[in-house]
Amino acid sequence: MTTYPDSYYAATANRTVTYPTLEGEVTADVCVVGGGYSGLSTAIALQEKGYKVVLLEAANIGFGASGRNGGQLVNSFSRDIDHIEKHYGLDTANAMGNMAFEGADCIRGLIKKYNIDADYKHGGFFAAFTEKQLKELESKKALWERFGNKKLSMVGKADVSKIVNTDAYIGGLVDEHCGHIHPLKLALGEAAALVSIGGEVFEQSKVIDIKNISEDGNEKVIVSTEKGHVKANLLVLAGNAYMGNLEPKLARKSMPCGTQIVTTEVLPEALAKSLIPSQYCVEDVNYKLDYYRMTADNRLLFGGGVTYGGGDPASIKRFLKPHMEKIFPAMKDYKIDYAWGGDFLLTVSRLPQLGKIGNSIYYAQGYSGHGVNTSHLAGKILAEAISGEQSRFEVFTGLPHYPFIGGRAMRVPMTMMGAWYYGLRDKLGI
């Protein structure tokens, strides 16, 4: 049995439901592989549209990135709308810009509709170390306002302490449209929502084979696990960094990357409120950024770093504690209770990959560090496409899905070289 990592999220999710392992044959209109946000949001949207949906998870619901991430509802995509316009044209940029802030609304909508307790708090802050970064945030504000996000405001040095109590930043951008959540509680709540409307969920049901068959003149998909199989009209692959090589065509176009998080012991309430008076989530705007927030029980949750190819450094605590103490020197006096890592999926373009293989397999993957919001948008779009509303899906299928140069052997060193270059630029302030 594959169980959750020893994380703060797993310790505080208050999981009360265990879903069965798939045994024998089950039939469905759509089989969804992956019990994270991509799979859950797709499955809920399809079930709401009247499809019979079966969801298969290899471990437990939210085992992967969806139950391990920083919990920040960050808007837009890993490549922003101006980059999309420059490389893919104005029409594509406008179409994606009109979707750039929808993911957070999808999450808030699910929380409200299905009464999900996910420790939701609104608001986020992008923090700048340099004048160059501050100017870039001013440009971001203007760009996002073009596409409807009117909940943005610039903050100067004098007012940073009202947001986050540190001398590290010279200013930043507040986004009242984003927020933060307990990610594993959200995933578990979404699984419960799916079951409540008639969907089926199976855990500890790793998919080992996919076959297309013809039955009564109709194409079907047989999705097999060790103890059973699902016969469905359509299949959605939504395993992201945890899907392995189940579909080699997708594995060639993406790379797992690790990121790490620590959580302190419970802090005195007065200290917790003084560190982040706004209670917003915070992230800096370095290429290899740090991100943090206060949890519902007054722990400082702090994450950052990237390990290309996936996995964790030898000591997550030793790696992240200096970063945390640079922002909050007072944290030297408090111990770390939890340290864990997880993988997200990177693409060459750093844009999401939504698409179709043959006539019966849909997929969504590769949010490149912006997965909380974008995965929920992707689920909604996949459900639209399956039900015949193709226009927004085609915006994403029109993007090139590049393979990594040199294949699996070269994707890690090539990506590390690029990250080293941009990391050096951050340090030099250029």
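Hydrogens, waters and symmetry mates play no part in the numbers below; they use all other heavy atoms, side chains included.
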I'd like to know if E136 pairs up with K140 as an ion pair, taking the criterion as any Lys NZ or Arg NE/NH1/NH2 lying under 4.0 Å from an Asp or Glu carboxylate oxygen.
no

Counting N and O atoms only, with roles assigned by atom type, does the side chain of T295 sit under 3.5 Å from a partner on the main chain of R299, one being a donor and the other an acceptor?
yes

Counting distance only, does the side-chain N/O of D284 pair as donor-acceptor with the main-chain N or O of D290 below 3.5 Å?
yes

I need the single residue from V164, V285, T130, L134 that forms a side chain to side chain contact (heavy atoms under 4.5 Å, CB included) with Y169. Which is it?
V164

Cation-pi check, K206 to F63: give yes when NZ or CZ is under 6.0 Å from the six-membered ring centre and within 45° of the ring axis, no otherwise.
no

Kindly say whether T347 contributes a backbone atom to a donor-acceptor pair with the side chain of S368 at under 3.5 angstrom?
yes

Does E23 use its side chain to pair, donor to acceptor, with the backbone of K227 at less than 3.5 Å?
no

Can D119 and K121 be counted as an ion pair, charged N to O under 4.0 angstrom?
no

L73 side, atom CG; N373 side, atom CG - distance, nearest 0.5 Å
4.5 Å

Can E269 and K273 be counted as an ion pair, charged N to O under 4.0 angstrom?
yes

Strictly by side chain to side chain donor-acceptor pair (under 3.5 Å), give each pair with a member in residues 28-46 just once, sequence neighbours left out.
S38-N240, S38-Y367

Name the residue from H323, R318, E325 that meets the side chain to side chain contact (heavy atoms under 4.5 Å, CB included) definition with K321.
E325

Taking the side chain from Q365 and the backbone from G239, do they hold a donor-acceptor pair closer than 3.5 Å?
no

Aromatic ring centroids of F393 and Y362 under 6.0 Å?
yes

Does Y291 offer a backbone N or O that forms a donor-acceptor pair with the side chain of Q72 under 3.5 Å?
no

Tell me whether the rings of W144 and F126 are parallel (<30°), tilted (30 to 60°) or perpendicular (>60°).
perpendicular

N286 side-chain N/O to K288 backbone N/O, donor-acceptor pair under 3.5 Å:
no

